[in-house]
Amino acid sequence: MEFNKQIKITDNITIGENQSCFIIAEACDNHLGRMDYAKKMVDIALLCGADAIKFQHHLPDEEMLKDVPMSDNFKEPLYEILKKYSLTLENHRELKRYCNEKGILYMCTPFSLKAATEIEDLVPLYKIGSGECTDTPTLIEIAKKGKPMIISTGMANIDEIEFTLKTLEPYNKNIIIMNCTSEYPPNYNDINVKLIPKLSEKFNILVGHSDHTPDNYTCFAAVSHGARVIE
């Protein structure tokens, strides 16, 4: 396999070797559906020097069953949480305009093909969450859209990562994978930043690091091991 090592995102942003590390501030759904919170998160991400801020586009009926088992760390079913707090497409359009005005790149993770199609005119690249890393039927259709893809791998083993990349390579060579530990927050002993250069060498691909710790130390370590993107 061979993927591009210089990936142009916008006229001013290229992710790749010998480029500055691309920094994504993860907003996810922490705005609780409130646009004033979401815009404040944009402001803070900009003050922190992030290159981009990433939200999420959820269409609950497209991505899960209503009676999906509830996680132990939730007080109500995820389906109900997403119905209550997810941003609308018009909300995302407003946030895109706000990010443009402030000078920070708007990003968004879709959790279904319909969501990916709805935000196609808003994003210059797609970020795929760890839970969707092996959803190759959906990822093929997203890859066909021709935009760069950043794919987190926290829910996949090495064989699953390889299968996904082999499946997508014929459709899209502008792919970056993210080293990720899907724990919230993770145990520091589980963050294996030494995997970053191994993934890069094995798959001949740019690799980043998606971090869930409460500080920046593992991000520093990830960059020192070759991470080209930090989320």
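The shown structure was predicted, so the numbers you read here are calculated from the model rather than taken from an experiment.
A single hydrophobic cluster is not seen to contain both L125 and I151; linkage of ILVMFWY side chains at heavy-atom distances under 4.5 Å, directly or through other members, places them apart. Under the 4.5 Å side-chain contact rule for hydrophobic residues, L46 and L105 do not share a cluster. Under the 4.5 Å side-chain heavy-atom criterion for Ile, Leu, Val, Met, Phe, Trp and Tyr, I119 and M41 are members of the same hydrophobic cluster. I158 and L165 fall within the same hydrophobic cluster, defined by Ile, Leu, Val, Met, Phe, Trp and Tyr side-chain heavy atoms under 4.5 Å apart, directly or through other members. Linking ILVMFWY residues whenever their side-chain heavy atoms come closer than 4.5 Å, directly or via other members, leaves L199 and V229 in distinct clusters.
Within 6.0 Å of OH in Y188 there are more than 12 heavy atoms belonging to other residues, nucleotides or ligands. Open room surrounds CD on E201; 12 or fewer heavy atoms of other groups in view lie less than 6.0 Å from it. Residue K173 places its NZ atom among more than 12 non-hydrogen atoms of other residues, nucleotides or ligands, all under 6.0 Å distant. Heavy atoms from other residues, nucleotides or ligands lying under 6.0 Å from CE of M35 number more than 12. A 6.0 Å sphere centred on CG of D11 holds no more than 12 heavy atoms belonging to other residues, nucleotides or ligands. Within a 6.0 Å radius of NZ in K194, no more than 12 heavy atoms belonging to other residues, nucleotides or ligands are found. Within 6.0 Å of CG in D190 there are more than 12 heavy atoms belonging to other residues, nucleotides or ligands. In Y171, the OH atom is not crowded: 12 or fewer heavy atoms of neighbouring residues, nucleotides or ligands sit closer than 6.0 Å.
Taken from CG in D51 to OG in S20, the straight-line distance is 8.0 Å, to the nearest 0.5 Å. Taking CD1 of I104 as the start and CD1 of I53 as the end, the distance is 6.0 Å to the nearest 0.5 Å. Between the CD atom in E118 and the SG atom in C108 there is a gap of 10.0 Å [rounded to 0.5 Å]. Note that the CD1 atom of I150 and the CD1 atom of I176 stand 4.5 Å from one another [nearest 0.5 Å]. Atom CG of residue L139 and atom OG1 of residue T136 lie 7.0 Å apart, to the nearest 0.5 angstrom. Atoms SG and CD1, from C48 and I23 in turn, are 11.0 Å apart once rounded to the nearest 0.5 Å.
Considering all non-hydrogen atoms of both residues, R228 and G16 come closest at NE-O, 3.1 Å. Heavy-atom minimum distance, G154 versus S130: N-OG, 2.8 Å. Contact record, F22 with A52: CZ-CB, 3.8 Å, taken as the closest heavy-atom pair. Between T109 and G129, the shortest heavy-atom distance links the atoms CG2-N, 4.0 Å. I196 approaches G226 most closely through the heavy-atom pair CG2-C, 4.1 Å. Pairing each heavy atom of L82 with each of P60, the nearest pair is CB-CG, 3.7 Å.
In summary, the side chains of Y79 and D61 do present a donor paired with an acceptor at a separation below 3.5 Å, with no hydrogens or angles considered. Judged by distance alone, the side chains of E17 and Q6 never bring a donor and an acceptor atom under 3.5 Å apart. Of the N and O atoms on the side chains of K147 and N174, not one donor lies less than 3.5 Å from an acceptor on the other residue. A donor atom on one side chain and an acceptor atom on the other are found under 3.5 Å apart for Y98 and D43. For the residue pair D211 and T218, a side-chain donor N or O sits within less than 3.5 Å of a side-chain acceptor on the partner. With no hydrogens or angles considered, no side-chain donor-acceptor pair links E183 and H212 at under 3.5 Å.
A donor-acceptor pair under 3.5 Å links the side-chain atoms of H225 to the main chain of A221, judged by distance alone. Checked by atom type and distance alone, the side chain of E63 pairs as donor or acceptor with a backbone atom of L59 at under 3.5 Å. The backbone N or O of N12 sits less than 3.5 Å from a side-chain atom of T10, completing a donor-acceptor pair. Panel note: side chain N157, backbone E160; a donor-acceptor pair is recorded below 3.5 Å. Here the side chain of S200 pairs no donor or acceptor atom with the backbone of P197 at under 3.5 angstrom.
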Between N204 and K5, is the side chain to side chain donor-acceptor pair (under 3.5 Å) condition met? List the steps.
CA-CA 8 Å; N204 197 20; K5 295 298 185 67; 2.9 Å; yes

Could you go step by step and tell me if M149 and I142 meet the side chain to side chain contact (heavy atoms under 4.5 Å, CB included) rule?
CA-CA 9 Å; M149 300 171 68; I142 294 175; 4.0 Å; yes

Let's go through K96 and N100 carefully: what are the C-alpha distance in whole Å and the side-chain angles of both, what is the deciding distance for side chain to side chain contact (heavy atoms under 4.5 Å, CB included) to 0.1 Å, and is it a yes or a no?
CA-CA 6 Å; K96 164 75 170 181; N100 287 349; 3.7 Å; yes

One pair to check against side chain to side chain contact (heavy atoms under 4.5 Å, CB included): K84 and E80. What are the steps and the verdict?
CA-CA 6 Å; K84 189 183 302 182; E80 298 299 331; 5.8 Å; no

Side chain to side chain contact (heavy atoms under 4.5 Å, CB included), that's the test. Do F220 and I230 meet it? Break it down for me.
CA-CA 9 Å; F220 300 153; I230 292 292; over 6 Å; no

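Using the six-membered ring where Trp is involved, Y106 and F55 have ring planes that are parallel, under 30° apart on the 30 and 60° scheme. Between F111 and H58, the ring planes lie parallel to each other; the angle is under 30°, not in the 30° to 60° tilted range.
Using a cut-off of 4.0 Å between Lys/Arg side-chain N and Asp/Glu carboxylate O, R97 and E90 are scored as salt-bridged. Ion pairing between K127 and E231 holds under the 4.0 Å rule for side-chain N and carboxylate O. Salt bridge K39/E94: present, at least one basic N to carboxylate O contact under 4.0 Å.
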